[in-house]
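What follows is a single structure, written as structure tokens, with notes after it.
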Amino acid sequence: MTSYIWHPFTQSKTASTPLRVRSGNGVMLELDDGRQIMDCISSWWVTIHGHGQPKIAAAIYEQAQKLEQVIFADFTHEPAERLAEKLIQFLPDSLQWVFFSDNGSTAVEVAIKMAIQYWKNLGEACRTKLICFEGAYHGDTVGAMAVGERSLFTQAFNDLLFESTFIPFPHTHLNDMDVERKEQEIIATLEALLSGKAHEYAGILIEPLVQGAGGIRICREEFLQKLEKIARKYDLLLIYDEVMTGFGRTGDWFASRKSNTKPDIICLSKGISGGFLPLAVTVCSDKIYSAFYSDDPTKTFYHGHSYTANPIGCAAALASMELLEETASSFKAMESKHKTNLAKLHDHPQLQNLRVCGTIAAMDIVSKENHGYLNAIGPELKKRFLAKGFLLRPLGNVVYLMPPYCISSEQIDQIYACISEVLDSF
Ligand SMILES: *Cc1c(COP(=O)(O)O)cnc(C)c1O
């Protein structure tokens, strides 16, 4: 069949023909040729309840019949109001104002612009830089690339990206004896950077607890607590990109809640609608909102998107949050399931840095090649997993699981069995 489609993150010349998916149900995808594939990564980390969730499908149908879309300047609607109220109920109490957009990258763009203009509105126009982390990924739009690690993905655009300051991320793993020293060193680096120069910085931006696309790198809650102290000490905004870690991923509703830290701004997307529709929010504190609240038109936040707060997306998100409330035990219980399986792999000679955070587990495959996204072992692993009926998509030499929360205990065991078998085949 002829295709006119250019796929994301894909080199069309070398890629195999994309698999045509006919339907999805729970953890399983059904292909056109009838094959069943287990979705072990929630389709790029979004379908948190699994595919075809009937309650979300029903909420979408109902909302579409009432109001599909309306301009969100000068107008508002019930799904947006109810969703904002529900989000505030579950977010740290520092966060009070919800700004809507439609994907993770735009949620980050909004956060960056809010942070910079916050200081400008307060008369501190020189606070234009952000402190970011090595290995960070915040999206593919130009602003979001500028606050992420310079990498293969950004290479063609590096000259266009505004300057950010990068510090190391204290990534850790099970039985890591060195983690406190790493954290202390990074905190010391940060203090040295800030003493006398804090007035150049608008804030600190981090993927809290887990860096996603950078290789599923996990840090401790204690590090976030130390980081929060520094942000307060030097009067910097603390910005959390919870686009991936939100909505149960880390074993709690949000990484901020799990670590008991209070960011000034948070970005959410991916799991927000249960994976049904594109939606995102950037939620900020009253301190930030107040700096824009003025009779002076130049203090307005001039930002918006055509589909801002799409009512059907909001209805899907509300249904997804209600489901999360009902099934919270499943995302809370998954970590111990991962741990049991990881313990069995602990002495495997081809594995190192086994790690887990809530529903997410990851491991590095020992390989002679350089570690990184282009490590040739990634595509080969992907092919062998798929041949066994599992959708796993290694990031270079990093194999990770990020399953929908509806997955059964037996199905999790099956994924680990598949990983073991594939490793043995090398
Ligand atoms: C995926 C991701 C983004 C970008 O989200 P998109 O919806 O793909 O634009 C931003 N930040 C983090 C942490 C992500 O995992």
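Each ligand, and each atom within it, is numbered from 1 in the order the structure gives.
In summary, the side chains of S164 and R150 do not present any donor paired with an acceptor at a separation below 3.5 Å, with no hydrogens or angles considered. Side-chain contact check for N341 and D413: at least one donor-acceptor pair (N or O, by modelled atom type) lies under 3.5 Å.
In E207, the part holding a heavy atom less than 4.0 Å from any atom of ligand 1 is the side chain.
Summary of contacts: the protein heavy atom closest to atom 13 (C) of ligand 1 is D241 OD2, 3.3 Å. Protein heavy atom in closest approach to atom 15 (O) of ligand 1: K270 NZ, 2.6 Å. At the top of the distance list for atom 5 (O) of ligand 1, counting protein heavy atoms only, stands G104 CA, 3.1 Å.
For F72 and H77, the gap between ring centers is short of 6.0 Å.
Close contacts of ligand 1 with G139, meaning ligand atoms under 4.0 Å from a residue heavy atom, involve 4 (C), 10 (C). Counting atoms of ligand 1 from 1 in the listed order, those under 4.0 Å from a heavy atom of M244 are 15 (O). Of all atoms in ligand 1, numbered sequentially from 1 with element shown, those under 4.0 Å from a heavy atom of H138 are 10 (C), 11 (N).
Polar contact with ligand 1: absent for W45 (N/O pair, distance under 3.5 Å). Taking only nitrogen or oxygen atoms, main chain and side chain alike, S105 reaches within less than 3.5 Å of ligand 1.
Here E322 does not pair with K55 in a salt bridge; the nearest charged N to carboxylate O distance is not below 4.0 Å. Between D252 and K258 there is no salt bridge, since no side-chain nitrogen of the basic residue lies less than 4.0 Å from a carboxylate oxygen of the acidic one. Between D93 and K262 there is a salt bridge, since a side-chain N of the basic residue sits under 4.0 Å from a carboxylate O of the acidic one.
The aromatic rings of H303 and H305 sit perpendicular, their planes meeting at an angle over 60°, well past the 30° parallel limit. Ring geometry for W253 against F331 counts as perpendicular: the plane angle is over 60°, on a 0 to 90° scale with 30° as the lower cut.
At a distance under 4.0 Å, no protein heavy atom can be found next to atom 8 (O) of ligand 1.
Using a 4.0 angstrom heavy-atom cutoff, G212 does not count as in contact with ligand 1.
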